Number of protein chains: 2
Amino acid sequence: MEKRRHLSVIIVEDNMFFRKTLLNVLEQSQHLHCLGAYESCEAAIRSLKRNDWQPDIMLMDIGLPGMSGIEGIPHMKKLAPDTRIVMLTIHEDHDNIFQAICAGASGYLVKDTPPDEIMELIAQIDRGGAPMNAHIAKKVLDLFQKMVTPTESYNLTQREKEILKLVVDGHSNRTIAEMIFLSPHTVDTHIRHIYNKLEVHSRSSAVAKAIRENLF
Amino acid sequence: MEKRRHLSVIIVEDNMFFRKTLLNVLEQSQHLHCLGAYESCEAAIRSLKRNDWQPDIMLMDIGLPGMSGIEGIPHMKKLAPDTRIVMLTIHEDHDNIFQAICAGASGYLVKDTPPDEIMELIAQIDRGGAPMNAHIAKKVLDLFQKMVTPTESYNLTQREKEILKLVVDGHSNRTIAEMIFLSPHTVDTHIRHIYNKLEVHSRSSAVAKAIRENLF
DNA sequence: CACGGTATCACGTAAATACGTGAGATTGTA
DNA sequence: TACAATCTCACGTATTTACGTGATACCGTG
């Protein structure tokens, strides 16, 4: 760790064995000191409320009994806005990676990671990175791609896509007609075709579907 | 590398020095063989068209002269759908990370990565991961969070959010009124307030803004 | 208590939308 | 060549929307 300043860490993990193990690993370094190790979000929150320090880094289990790690993130963010939260996960687990990202997690630590990699991960966090192993990263990328890839094309023609885009941008039929040099009637017709293909019966629904499914 | 099967790789990188260096690194391993090293997307595409093999992995510079690495991705995906594409980037560079993700990149390799990490990265790709360093990962997470976090709340009241939600779902004022037991006039009034707060003048614009900025 | 914010409701009108129905022109394809 | 798809335009009408301009009522705060 190039920076020789101290980093404070807290651990939130219900499994006592893993909590102790983690604690031992962290205490190996002179540059880290663990301010607390809790077995539940609730306990960690109580402690943060009682004291007035904020840890630099929090290692928090994702699957906690009671308040889950994910539910806990917003609370932690409120009590300690600058604390970077690393989620502890088993394997390369599941969907709630998405939830955790949305809530503002700063990294992922798989539980069977060897000690030296854990230390390296802490260092990366300190450097402003968001460490995660390649499998977690894969899941994140897949999520991303799913969000931006059109679910279905609905066989919209070029003209229809063009007009749909203008509709989404909030233009009226008359305005659209002027913009692309058509009769308002023609625009009307195109929009009807769009409605048919998208199976909707109103502008709002078409706009919603277009944006949500990344049409055009 | 636990799997002892051969992996085929191609390199697309305009800087000759780095291309050669990379080639040397890869050739160290008996489990890899490099099917080609090109200085442009165009050259790589020509080669893929001419031959009928598909490499397992493609290492492609993001900032290529002519067709950029990002523009190249869709072509490559077409010619070699199963090839996993790793983007080569300088530093932890910029915004087009987003573009690359959308296009379907499977990982990021920063150019000053030491040889052993490059080999490890290849192994991770082979295991189905999407390797990237912590800084790149941070950018991805930040992007993600920006996508799902409301830009601004616009001070919508609870009632207004409720009605906005129904509007987004494509309901008419009359229907909304029936659903939440109000006079259509009241719904109309609420919607006017929503328009004022969102600074729009049409249902479509309100819907678009609501969805895009994750209101409600 | 007065005031601001919220929620409720009403009347009226001009504009926009949704949709039925029909039709000519072009273009690619079977 | 015939057919399907696309793009273009038109008339008419019922419904919906957008907005001006009111009003009453509740509630919390200064």
Side-chain angles (χ1 to χ4, degrees), chain A residues 78 149-216, chain B residues 49 74-75 78 150-216:
Chain A
K78 193 152 207 166
T149 304
T151 318
E152 200 180 341
S153 81
Y154 294 101
N155 291 316
L156 293 179
T157 67
Q158 205 47 53
R159 202 52 155 171
E160 284 160 358
K161 283 184 202 169
E162 182 185 4
I163 289 177
L164 179 53
K165 169 115 193 57
L166 295 170
V167 169
V168 168
D169 286 344
H171 300 288
S172 72
N173 292 358
R174 193 180 48 73
T175 315
I176 294 173
E178 283 166 9
M179 285 194 288
I180 57 178
F181 310 106
L182 286 181
S183 154
H185 296 300
T186 308
V187 174
D188 178 69
T189 305
H190 282 303
I191 290 182
R192 294 185 211 202
H193 293 157
I194 294 171
Y195 287 2
N196 281 331
K197 292 183 179 177
L198 301 194
E199 294 177 283
V200 297
H201 302 277
S202 74
R203 219 157 239 258
S204 303
S205 304
V207 168
K209 203 153 189 167
I211 296 180
R212 290 207 164 111
E213 307 193 14
N214 270 90
L215 275 28
F216 54 84
Chain B
K49 276 187 181 159
H75 294 87
K78 194 152 206 163
T151 318
E152 200 181 340
S153 80
Y154 294 101
N155 292 316
L156 292 178
T157 67
Q158 204 47 53
R159 201 52 154 173
E160 284 161 358
K161 282 185 202 168
E162 183 186 3
I163 289 176
L164 179 53
K165 170 116 192 60
L166 295 170
V167 169
V168 168
D169 286 344
H171 300 288
S172 73
N173 292 358
R174 194 179 48 73
T175 314
I176 294 174
E178 283 166 9
M179 284 194 287
I180 57 179
F181 309 107
L182 288 179
S183 154
H185 296 299
T186 308
V187 174
D188 179 69
T189 305
H190 282 302
I191 290 182
R192 294 188 211 201
H193 293 157
I194 294 171
Y195 286 2
N196 281 331
K197 291 182 180 178
L198 302 194
E199 295 176 284
V200 297
H201 303 278
S202 75
R203 223 158 234 259
S204 302
S205 304
V207 168
K209 204 154 188 166
I211 297 180
R212 289 206 165 113
E213 307 194 13
N214 270 91
L215 275 28
F216 53 83

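Letters A, B, ... mirror the listed sequences (proteins, then strands); counts begin at 1. Computed from a prediction, not measured in an experiment: that's the story for all the values here.
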| remark: Closest non-hydrogen contact found for A/S183 with A/A177 is C-CB, 3.9 Å
| task | Starting at atom CD1 of A/I176, determine the distance to atom C1' of D/dT8, rounded to an integer number of angstrom. | result | 16 Å
| field | salt_bridge(B/E162, B/K165) N-O dist < 4.0 Å | value | no
| task | Specify the closest pair of heavy atoms between B/G170 and A/S205, including all atoms of both residues, with the distance to one decimal. | result | CA-OG, 3.4 Å
| Distance from A/R192 atom CZ to A/D188 atom CG, nearest 0.5 Å? | 4.0 Å
| task | State, to 0.1 Å, how close B/L164 and B/A210 come at their nearest heavy-atom pair, and which atoms those are. | result | CD2-CB, 3.8 Å
| said: Working note: A/I194 + A/V167, criterion side chain to side chain contact (heavy atoms under 4.5 Å, CB included); need CA distance, chi angles, decisive distance, verdict. | reply: CA-CA 11 Å; A/I194 294 171; A/V167 169; 5.8 Å; no
| request: May I ask you to list the residues of residues 185-194 of chain A, by number, that have any heavy atom positioned under 4.0 Å from an atom of DNA chain D? | output: A/H185, A/T186, A/T189, A/H190
| field | Heavy-atom pair of closest approach, residues A/K161 and A/L156 | value | CE-O, 3.6 Å
| request: Return the minimal non-hydrogen interatomic distance between B/Y195 and B/A206, and the atom names on each side. | output: CE1-CB, 3.8 Å
What are the atom names and distances for every N/O pair under 3.5 Å that joins the protein to nucleotides 26-30 of chain D?
none

| task | Could you grab the distance from atom OG of A/S204 to atom CG of B/L166, nearest 0.5 Å is fine? | result | 11.5 Å
| request: Using a cut-off of strictly less than 4.0 Å, decide whether B/R174 has a side-chain nitrogen or oxygen near OP1 or OP2 of D/dT16. | output: yes
| said: Please identify the 5'-most and 3'-most nucleotides of DNA chain C with any atom under 4.0 angstrom from a heavy atom of chain B. | reply: C/dT6 to C/dC11
| query | Contacts to DNA chain D from residues 164-171 of chain A, heavy-atom cutoff under 4.0 Å, which residues? | reply | none
| Can you check side chain to side chain contact (heavy atoms under 4.5 Å, CB included) on A/V187 and A/M179, steps first, answer last? | CA-CA 11 Å; A/V187 174; A/M179 285 194 288; over 6 Å; no
| Minimum heavy-atom distance between B/E160 and B/N155, given as atom pair plus value | OE1-O, 4.2 Å
| Below 4.5 Å, heavy atoms only, C-beta onward: do A/I180 and A/I163 meet side chain to side chain? | yes
| query | Considering the terminal five base pairs at each end of the helix from C/dC1-D/dG30 to C/dA30-D/dT1, what angle separates the two local helix axes, rounded to 10°? | reply | 40°
| B/R159 vs B/L182, side chain to side chain contact (heavy atoms under 4.5 Å, CB included): CA-CA, chis, key distance, verdict | CA-CA 11 Å; B/R159 201 52 154 173; B/L182 288 179; 3.6 Å; yes
| remark: The answer to which of B/S183 and B/N155 contacts DNA chain C further toward the 5' end, by nearest nucleotide, is B/N155
| Does the side chain of A/E213 come under 3.5 Å of the side chain of A/Y154 through a donor N or O and an acceptor N or O? | yes
| query | Given B/R212 and A/V168, is the side chain to side chain contact (heavy atoms under 4.5 Å, CB included) satisfied, shown in steps? | reply | CA-CA 11 Å; B/R212 289 206 165 113; A/V168 168; 3.6 Å; yes
| said: Looking at A/L198, is its backbone amide N or carbonyl O close enough to the side chain of A/K209 to form a donor-acceptor pair, meaning the two atoms are under 3.5 Å apart? | reply: yes
| query | Does anything in residues 195-202 of chain A reach DNA chain C, meaning a heavy atom under 4.0 Å, and if so which residues? | reply | A/Y195, A/H201, A/S202
| query | Considering heavy-atom distances to DNA chain C, does B/S204 or B/I163 have its closest nucleotide positioned more toward the 5' end? | reply | B/I163
